[in-house]
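Just below is one structure, and these are the notes that go with it.
Owing to the predicted nature of the structure, the values given are computational and were not obtained by experimental measurement.
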Amino acid sequence: MPKKTLKNISEIRRYFHTNSDPIYFVSATNFNLLGIDEWVKNFKYICYMDCFDGRHPNVFVPSEVPHEEFQSIEDINNYLLQHKEVIDLIKRRGGKPKFVFLMFDEKTEMLVKELGGEIWFPKAKLRERCDNKIETVRIGNKAGVPSVPNTLSVIKDYADLKRICDKAGLGHDLVLQSAFGDSGHTTFFIKSEADFRKHQHEIVGQGEIKIMKRINCRGSAIEACVTQQGTIVGPLMTELVGFKELTPYRGGWCGNEIFSTSFAPAVRQKARDLTFKFGEQLRKEGYRGYFELDFLIDKKTGDLWLGELNPRITGASSMTNHAAFAHADAPLFLFHLLAFSKKPFELDVAELNARWADPDMIDSWSQMVIKHTDDNVDIITEAPQSGIYKMLDDGRVVFDRFDYHRRAVEAENEAFFLRISAPGDYRYEGADLGILVTRGRSMTAGFKLTERSQKWIHGIKNAFSAQPLPAAQAMEPPAFKIM
């Protein structure tokens with residue numbers, strides 16, 4: 001008997017509200033897909049960190065068992081998938097389990113297969129190829145989505161770099177990126193030989209490097225989903241980048257804003273058009289499902305350039321999946337699940353994209369990822385719990401009530417805080433303390449942090465207490481991000 005085809009948003013929503021097979025998001029925290037469990041029946045989070053102190057009904061955190069030191073988020077996920085308590089949970093719940101991840105590798109694929117499950121994402125090998133910043137440029141070129149003027153080359157030394165740039169006409173004020181890694185760690189601003197020497201060990205011997213002309217630009221992010229019916233595109237979001245109050249990394253992402261007038265209408269529409277083109281090219285490359293593009297907007301000319309591709313859900317996904325259009329229709333991630341479900345569906349993607357481009361479908365929210373920015377290491381003794389906080393008239397930030405819904409924030413004097421670092425954790429330079437979500441903007445029209453944002457950051461950071469490490473104890477901070 002042929003499967004019934006889903007023919008509209010209502011039927012798609014009902015399909016997931018009556019979903020029978022367990023779907024698991026396995027990750028360090030549930031931040032990236034916060035709230036999806038309320039759209040999809042039998043959706044559970046399996047996490048390494050308990051951000052909610054056992055009070056979230058769909059978050060499962062197994063007890064800690066001995067393990068090798070994690071070198072990546074893939075290591076965390078592979079540890080979880082081999083944990084007896086996790087295996088017991090999956091077997092107990094039965095069904096045909098499906099798994100989604102922020103990051104995974106070929107070992108993860110093997111472990112999921114052993115559990116009798118399926119990964120609802122493209123193969124790790126394909127994701128890795130697309131994730132390569134050098135390959136992103138090439139995919140963009142094929143799609144007609146231009147990158148900042150650049151050249152791709154192996155670099156032997158600074159003199160070699162200058163020769164390469166002279167030949168390509170890029171000048172000597174440059175931004176260099178290696179093929180993989182978080183932008184805060186693998187983006188290098190090179191204007192002189194002294195700049196080059198500081199990062200030489202991260203550039204020389206690392207294969208092809210993306211060498212870009214440096215432009216004065218504004219960062220932006222947009223998420224989309226490649227489906228059998230076409231690429232569905234979310235709204236263009238601003239990016240918070242490099243604010244010293246939030247991150248110690250120059251050029252490091254530290255949050256997003258979503259609001260209807262984030263950029264000029266022509267820029268927003270061009271970004272949507274280019275994202276659709278890029279998605280359609282990804283489809284030709286064999287990719288399907290969720291992805292995110294960073295666009296760089298030249299402040300002087302208004303030109304829009306492709307920054308990078310993240311072939312996955314990202315730190316901005318919570319913003320996309322909680323926007324007003326998501327509540328009116330369905331979160332973008334539901335279309336990702338639909339793309340892998342083998343359930344036939346018909347969807348007018350052009351009509352949906354046009355509706356999601358309507359400013360009336362976008363409400364105003366902001367998120368700030370708060371890291372420890374001091375150059376020291378200590379042990380946290382007290383940490384603010386996840387939930388709703390209020391800012392008093394005198395600027396003090398106080399805990400108001402526990403909640404795991406960010407939409408419980410009613411006004412701009414309230415915020416939802418998702419705690420990442422807990423008592424007993426090391427606090428080191430770059431450690432993620434938590435994510436703060438507010439209504440309204442966190443930046444001014446000139447893209448500086450508002451006074452209100454600075455008070456929120458100060459208030460949350462002040463709610464942490466820590467004690468110095470014992471003199472004989474040393475700690476090497478991890479070199480990977482967890483969200």
Side-chain angles (χ1 to χ4, degrees), residues 3-4 6 11-67 70 73-124 289-290 312-313 317-318 321 330-331 333-343 386 403-405 418 482-483:
K3 292 183 180 179
K4 183 184 175 185
L6 304 177
E11 290 186 359
I12 290 170
R13 286 166 60 141
R14 187 177 70 238
Y15 172 69
F16 285 108
H17 279 304
T18 58
N19 170 63
S20 58
D21 282 333
I23 303 176
Y24 299 99
F25 174 51
V26 183
S27 199
T29 77
N30 73 330
F31 162 63
N32 305 85
L33 292 181
L34 193 68
I36 293 298
D37 56 314
E38 296 181 17
W39 289 87
V40 182
K41 187 182 176 187
N42 288 314
F43 191 100
K44 298 283 185 186
Y45 306 98
I46 297 174
C47 300
Y48 179 66
M49 299 175 181
D50 189 357
C51 303
F52 300 98
D53 302 312
R55 290 186 281 181
H56 193 301
N58 288 319
V59 171
F60 178 77
V61 180
S63 55
E64 184 93 5
V65 297
H67 57 81
F70 298 136
I73 196 165
E74 291 92 334
D75 285 351
I76 293 175
N77 292 338
N78 294 339
Y79 157 83
L80 288 169
L81 290 173
Q82 295 174 89
H83 197 297
K84 183 181 184 304
E85 293 172 18
V86 171
I87 294 169
D88 288 347
L89 171 75
I90 292 166
K91 287 182 177 177
R92 186 168 64 248
R93 296 187 72 225
K96 298 175 181 175
K98 323 299 181 192
F99 293 84
V100 291
F101 301 91
L102 173 63
M103 305 288 279
F104 63 92
D105 55 21
E106 291 180 357
K107 182 177 179 179
T108 319
E109 292 174 332
M110 179 193 72
L111 291 170
V112 165
K113 189 175 181 181
E114 288 174 1
L115 288 166
E118 296 176 30
I119 295 180
W120 277 8
F121 261 105
K123 294 285 186 186
Y290 212 98
R312 64 180 74 87
I313 54 173
S317 298
S318 180
N321 288 301
F333 192 71
L334 254 65
F335 296 101
H336 171 94
L337 296 177
L338 188 62
F340 284 86
S341 69
K342 300 185 178 68
K343 180 71 175 176
S386 295
D403 210 309
Y404 50 83
H405 299 91
L418 177 70
I482 61 166
M483 57 191 165

Mind telling me whether Tyr290 and His336 have parallel, tilted or perpendicular rings, with 30° and 60° as the class edges? perpendicular

Which residues share a side chain to side chain contact (heavy atoms under 4.5 Å, CB included) with [X], sequence neighbours left out:
X      : answer
Ser63  : His83, Glu85
Asn42  : Asn19, Arg93
Lys343 : Lys4, Leu6, Tyr15, Leu338, Ser341

When rounded to the nearest 0.5 angstrom, what is the spacing between [atom1] in [X] and [atom2] in [Y]?
X      : Y      : atom1 : atom2 : result
Tyr24  : Leu80  : OH    : CG    : 13.5 Å
Phe104 : Met110 : CZ    : CE    : 14.5 Å
Glu74  : Thr108 : CD    : OG1   : 6.5 Å
Ile73  : Ile482 : CD1   : CD1   : 7.0 Å
Leu334 : Phe16  : CG    : CZ    : 5.0 Å

Not counting sequence neighbours, which residues clear ring-ring contact (aromatic ring centres under 6.0 Å, His included) with His67? List them please. Phe70, Tyr79

Determine the minimum heavy-atom distance between [X] and [Y], stating which atoms define it.
X      : Y      : answer
Arg13  : Ala330 : CG-CB, 4.3 Å
Gly94  : Pro22  : O-CG, 3.2 Å
Gly116 : Pro97  : O-CD, 3.8 Å
Arg312 : Leu102 : CD-O, 3.6 Å

Salt bridge (charged side-chain N to carboxylate O under 4.0 Å, His left out) partners of [X], counting only residues at least two apart:
X      : answer
Glu118 : Lys98, Lys342
Asp403 : none
Lys84  : Asp88

As a test of understanding, state which of Phe333, Phe335, Phe340 forms a side-chain contact (heavy atoms from CB on, under 4.5 Å) with Leu337. Phe333

Worked check of side-chain contact (heavy atoms from CB on, under 4.5 Å) between Phe99 and Ile90: CA-CA 11 Å; Phe99 293 84; Ile90 292 166; 3.7 Å; yes

Any pair counted as salt bridge (charged side-chain N to carboxylate O under 4.0 Å, His left out), so long as it reaches [range], sequence neighbours left out:
range            : answer
residues 101-114 : none
residues 50-61   : Asp53-Arg419
residues 22-39   : none

For Asp21, what residues pass the side chain to side chain donor-acceptor pair (under 3.5 Å) criterion, not counting sequence neighbours? none

For residues [X] and [Y], determine if any side-chain heavy atom of one lies less than 4.5 Å from a side-chain heavy atom of the other.
X      : Y      : value
Phe25  : Ile36  : no
Leu418 : Phe52  : yes
Cys51  : Tyr404 : no
Asn321 : Trp39  : no

Return a table of donor-acceptor pairs under 3.5 angstrom between the side chains of residues 27-35 and protein atoms on other chains or two or more places apart.
residue, atom, partner, partner atom, Å
Thr29, OG1, Phe31, N, 3.1
Asn32, ND2, Thr314, O, 3.0

Please evaluate residues Asn77 and Tyr48 with respect to the criterion side-chain contact (heavy atoms from CB on, under 4.5 Å), reporting the C-alpha separation (whole Å), side-chain torsions for both, the decisive distance (0.1 Å), and the verdict. CA-CA 8 Å; Asn77 292 338; Tyr48 179 66; over 6 Å; no

Stepwise, does the side-chain contact (heavy atoms from CB on, under 4.5 Å) test hold for Phe101 with Val112? CA-CA 11 Å; Phe101 301 91; Val112 165; 3.9 Å; yes

